Amino acid sequence: MAKVRHPISPYAADATMLLGQLLRKSRIERKMSTLNVAERAGISRGLLRRIEAGDPRCTIGAVFEVAAIVGVKLFDAERGAMSRAIETNREVMALLPKAVRARRMQEVKDDF
């Protein structure tokens, strides 16, 4: 059975391409080989090549791990600040509803 291709927005396509380029640039500037980065991240060289090529189907965990290894900061916060932001968001999310349901539209009776 053929894989189902899901559409991707132009913004998401550009963002994954830019992130891949930043990761590759940082890896090369640090003189790290694809084999070295892939081994440290616990992924295959093929997956690393796909990440650097901007493939949007790569797992986010693998992308974040590669970013950490090659030194690309994905957020402006340092480790302590990021932990505080996570805790703040956790507190806010506890106040939000667990699920969001679409409202049912009532049929308009316009026969006079």
Side-chain angles (χ1 to χ4, degrees):
M1 179 188 284
K3 290 185 179 180
V4 176
R5 305 283 319 217
H6 297 285
I8 183 167
S9 70
Y11 176 82
D14 289 346
T16 57
M17 181 62 69
L18 177 60
L19 180 56
Q21 290 172 348
L22 291 172
L23 295 174
R24 184 168 195 272
K25 180 180 151 229
S26 183
R27 177 182 61 78
I28 291 170
E29 286 174 345
R30 291 173 179 251
K31 296 179 176 47
M32 300 175 79
S33 69
T34 56
L35 182 61
N36 184 355
V37 173
E39 284 179 351
R40 287 183 59 191
I43 61 174
S44 68
R45 286 176 61 197
L47 179 54
L48 178 59
R49 280 193 294 269
R50 287 181 29 228
I51 290 170
E52 289 181 350
D55 184 347
R57 295 171 293 152
C58 298
T59 61
I60 193 166
V63 175
F64 275 44
E65 188 62 29
V66 169
I69 291 168
V70 300
V72 172
K73 295 227 182 246
L74 298 175
F75 298 97
D76 288 336
E78 294 297 320
R79 177 72 178 128
M82 193 178 301
S83 295
R84 287 189 298 277
I86 290 170
E87 187 57 35
T88 300
N89 283 324
R90 185 174 291 133
E91 291 170 1
V92 170
M93 292 181 70
L95 301 173
L96 296 174
K98 299 283 184 226
V100 178
R101 296 186 181 99
R103 292 184 179 195
R104 293 182 185 222
M105 297 296 290
Q106 292 184 358
E107 189 175 317
V108 178
K109 296 182 181 183
D110 58 355
D111 55 335
F112 297 103

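We count residues from 1, following the sequence as given. Computed from heavy atoms alone, side chains included, the values below leave out hydrogens, waters and symmetry copies. All of these numbers come straight from a predicted model, not from anything done at the bench.
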Let me check something: any side-chain donor-acceptor pairs from residues 12-26 under 3.5 Å, sequence neighbours excluded? List them with distances.
unit_1 : atom_1 : unit_2 : atom_2 : d
Thr16  : OG1    : Ala12  : O      : 3.2
Thr16  : OG1    : Ala13  : O      : 3.0
Thr16  : OG1    : Gly54  : O      : 3.1
Ser26  : OG     : Val70  : O      : 2.5

Checklist entry - So which heavy atom on Leu48 is nearest to which on Ala38, and how close? => result CD2-N, 4.1 Å
Checklist entry - Taking NZ, NE, NH1 and NH2 as the nitrogens, is one of them in Arg90 or Glu87 under 4.0 Å from a carboxylate oxygen of the other? => result yes
Next on the checklist: By the definition side-chain contact (heavy atoms from CB on, under 4.5 Å), identify the one residue from Arg30, Glu65, Met32 that meets it with Val37.
Outcome noted: Met32
Item to check | Distance (rounded to the nearest 0.5 Å) between Met93 CE and Leu95 CG | outcome: 11.0 Å
Checklist entry - Got a sec, which residues hit salt bridge (Lys or Arg N to Asp or Glu O under 4.0 Å) with Glu91, two or more places apart in sequence or on another chain? => result none
Item to check | Transitive ILVMFWY side-chain link Val72 to Met82, under 4.5 Å | outcome: yes
Next on the checklist: Assess the residue pair Leu74 and Val63 against the criterion (side chain to side chain contact (heavy atoms under 4.5 Å, CB included)); give the C-alpha distance rounded to whole Å, side-chain angles, the decisive distance to 0.1 Å, and a yes or no.
Outcome noted: CA-CA 10 Å; Leu74 298 175; Val63 175; 5.5 Å; no
Checklist entry - Which value, rounded to the nearest 0.5 Å, describes the distance between Thr59 atom OG1 and Leu47 atom CG? => result 6.0 Å
Item to check | Minimal non-hydrogen separation, Arg27 against Glu52, with atom names | outcome: NE-OE2, 2.7 Å
Checklist entry - Would you say Ile60 has more than 12 foreign heavy atoms packed within less than 6.0 Å of its CD1? => result no
